> 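This is the structure, below, for whatever I ask next.
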Amino acid sequence: MDSLLNAHAGLIHRAVAAAQAAGDLPTFELPAVEIKPPARAEMGDYAYAGALAVAKLAGMKPLDIAQAIVKHLPAAEFVAGVEAVPPGFINFRLSADWLRAQVDTIITEGDAFGTISLGAGKRAQVEFVSANPTGPLHIGRSRGAIVGDTMARLLEAAGYAVEREYYFNNAGMQMKHLGTSLQIRYLQQLGADVVQPAPDDGTFYQGEYLIDFAKDLIAEVGGAWRDRPWEDFKEYAEKKMFGIIRDTLKRISIEHDVFFNENSLYESGAVWDTLKALEAAGLIYESAVRESEPDDVKAENAHLPPAKWFRSTALGDVEDRVVLKNDGSPTYTLPDIAYHLNKLARGFDLLVNVLGADHDTEHKVVKYGLKALGGDISKIHVIIMQFVRLIRDGKEVKMSTRRGNYETLDDLIDQTSPDAVRYMLLARSANSRLDFDLDLAVKQSSDNPVYYIQYAYVRTAGILREADVRGFSDADADLSLLGGEELAFIKRCLTLGDEIALSTQTFETHRIAFFAQDLANLFHPMYDRVRVFGEGIDDDIARARLRFYKGANVVFRRVLSLMGMSTPDRM
RNA sequence: GCCCCCAUAGCUCAGUGGAUAGAGCGCUGCCCUCCGGAGGCAGAAGCGUAGGUUCGAGUCCUACUGGGGGUACCA
């Protein structure tokens, strides 16, 4: 089914064209049609404010335009009434009969309910998490994990074929430190006389997990690795670490389709090809400092070995960027550009990138690079997330990967639940900072909205179970017996398609969390009043309501699974 | 210094240039205890400051104030 917003917008478009053809409206290009629910329910279900916007363009009073549009509006089965009201709004009212009939549509569509055709026939890729395997995932990474996976789920619901990708680098200094740290732990476990670096030594990973790895390694090979080089330990640690990371992600229902190793871009020569291409475009220069620096700064640094700079300012950047360090090795920018060229070459229609706020500048530089090399950056969308701050006892908890005293995602899941973690990290706009209150998340009470939402689903399941026990069927239900409260709930359910469209167009995953909360807020008061079984409720009404709650059950299951949350029948 | 993000109710946050700005928690008072109470009803309370654009601004622009992030040789 098409979204209701689109359906209404279609009516407006046709009406304007018809009014123009009939000479009731002058010819003008209709600007983007915005349909919204009106401010108050009494005004109707959908409202169009376009007549106000085009008044000047058309040279007519807004209300006259609105009336002309209404006059030519084609009939539609979902519309029960339309009126043009001052100062120039057009208000639509949905047909109650049509709404009631949607209960059956919802049940028929089942887990596909809300699916739209926006991305039909298109391929999208979402790249997220992308943490190097130097340690377990921590809270900072988990926000991107949830946002990325939810974005992927929403894109799937929008009709896209979606691939989830994890980009990682297993070379570099940090991985070497991981290898040497495991080597030290291994030798320690064997009782060898090794010096353990001080806690503030940046080259040593203090985390308990490396002691566990060392024990596992001894169980496998005993003391045979005493004289092995650090590279072997690095490889072992990396493999173990990826296993842990994948297990953690799986606990919160995240599985990637592709793991892309940055190193392959060096092996294929793509990194150096990228540099050559930028050089060929005349956008690389060799210098100790930026060429924009004043002469005295240049002179001061003239003795330093030169680096290679990307003249990104030529493409609109605020300053040039180093792409090759003065030791001859690339900065992260070069492989990043090569990686995105690779992604573009794989033929996706949409590339979504989920990054932390610390990468905000970096992704812009990558885009300048792609632009310089003719890449189609309109296909790339980056979600920049502000940081997560952990709060315990009302105070911020400091995190540090290397010292090992940070909160891991696994710890958090253990303390709360996968569902609570998913919801709390989702229910906030990506460009707002997120305070994760550990005390609140640990509390299993209604303070935590995840329970309120899931409880709505549980209640629908409870009704269906009760019907089963009583042997009561909803066969031949007469949906015309449903009341106003049920209709209001159905209306909200039917906006799921619009939510999915908007979320995927604006790349905002928090919307679905608020939608779920809204739905639960409508559900619980209704549940209290609209009962299926009880004194004075006759069988006809009970059948209609049972059918209705069956539909509600489908909707909650769908919404929860879009958020990657579980759907327990009991709590 | 320069660049990016943020500022809405006591707290945490929604809000697509449209009509009387919403929710959760907390607070105050009440109801129910029934398809599993992790429930329901009602109430008090708000757009950082100053300009500008617009028929119309929480939303767009400028400045300011406050908080966060970034600013080659960590990714």
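Note on naming: letters A, B, ... go to the chains in the order of the sequence lines (proteins, then strands), and numbering restarts at 1 for each one. In this text the structure is predicted, and so the values were computed from the model without any measurement.
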> With A:D518, which residues qualify under salt bridge (charged side-chain N to carboxylate O under 4.0 Å, His left out), at least two apart?
A:R492

> Checking all strands, does A:D468 fall into the base, sugar-phosphate, or nothing category for heavy-atom contacts under 4.0 angstrom?
nothing

> Look at the side chain of A:R531 and decide which nucleotide, out of B:G40, B:C35, B:A19, has an atom nearest to it.
B:C35

> Write down the partner of B:A23 under the Watson-Crick or G-U wobble criteria, each distance required to be under 3.5 Å.
B:U12

> Among B:G40, B:G70, B:G15, which nucleotide has an atom closest to any side-chain atom of A:H524?
B:G40

> Find out whether the Lys NZ or Arg CZ of A:R459 is both under 6.0 angstrom from the six-membered ring centre of A:F523 and within 45° of the ring's axis.
no

> Should the ring pair A:W272 and A:Y266 be called parallel, tilted or perpendicular, given that the plane angle runs from 0 to 90° and is split at 30 and 60?
perpendicular

> Quickly work out the A:F514 CZ to B:A21 P distance and round it to whole Å.
20 Å

> What distance, rounded to whole Å, do you find between the two P atoms, one in B:G43 and one in B:A50?
31 Å

> So, A:F89 and B:A19: ring centres less than 5.5 Å apart, planes less than 30° off, yes or no?
yes

> Distance check, P atoms only: B:C74 and B:U16, in whole angstrom units.
41 Å

> It should be established whether A:R389 places a side-chain nitrogen or oxygen under 4.0 Å from OP1 or OP2 of nucleotide B:G67.
no

> Which part of the nucleic acid, if any, lies within contact of A:M43, taking any heavy atom under 4.0 Å across all strands shown: a base, the sugar-phosphate backbone alone, or nothing?
base

> Can you tell me how far C1' in B:C47 sits from the matching atom in B:A23, rounded to whole Å?
16 Å

> Could you please name the partner base of B:C2, counting Watson-Crick and G-U wobble pairs only when both distances are under 3.5 Å?
B:G70

> From the set B:A19, B:G18, B:C13, return the single nucleotide nearest to any side-chain atom of A:A49.
B:G18

> Nearest to the side chain of A:V85, which nucleotide is it out of B:A19, B:C4, B:G15?
B:A19

> Look at the side chain of A:A307 and decide which nucleotide, out of B:A72, B:U71, B:G39, has an atom nearest to it.
B:A72

> Determine the interatomic distance between P on B:G58 and the same-named atom on B:A21; round to the nearest Å.
10 Å

> Looking at the side chain of A:K36, which of B:A72, B:A23, B:U16 is the nearest nucleotide?
B:U16

> For A:T333, report the nucleic acid contact type (base, sugar-phosphate, nothing); a contact means any heavy atom under 4.0 Å.
nothing

> With ring centroids as reference points, do A:F168 and A:F242 lie under 6.0 angstrom apart?
yes

> Of the candidate nucleotides B:A75, B:U12, B:C74, which contains the atom at the shortest distance from the side chain of A:R428?
B:U12

> Say you pick atom P in B:C13 and the same atom in B:G17; how far apart are they, in whole Å?
23 Å

> Centroid separation under 6.0 Å, is that true for the rings of A:Y527 and A:Y455?
no

> Looking at B:U16, B:C35, B:G24, which one has an atom nearest to any side-chain atom of A:Y549?
B:C35

> Using only modelled atom types and a 3.5 angstrom limit, is any donor from either the side chain of A:Y332 or the base of B:A75 paired with an acceptor on the other?
yes

> Over 60° means perpendicular and under 30° means parallel, so tell me whether A:F556 and A:F489 are parallel, tilted or perpendicular.
tilted

> B:G68, B:A72, B:C55: which one has an atom nearest the side-chain heavy atoms of A:K56?
B:C55

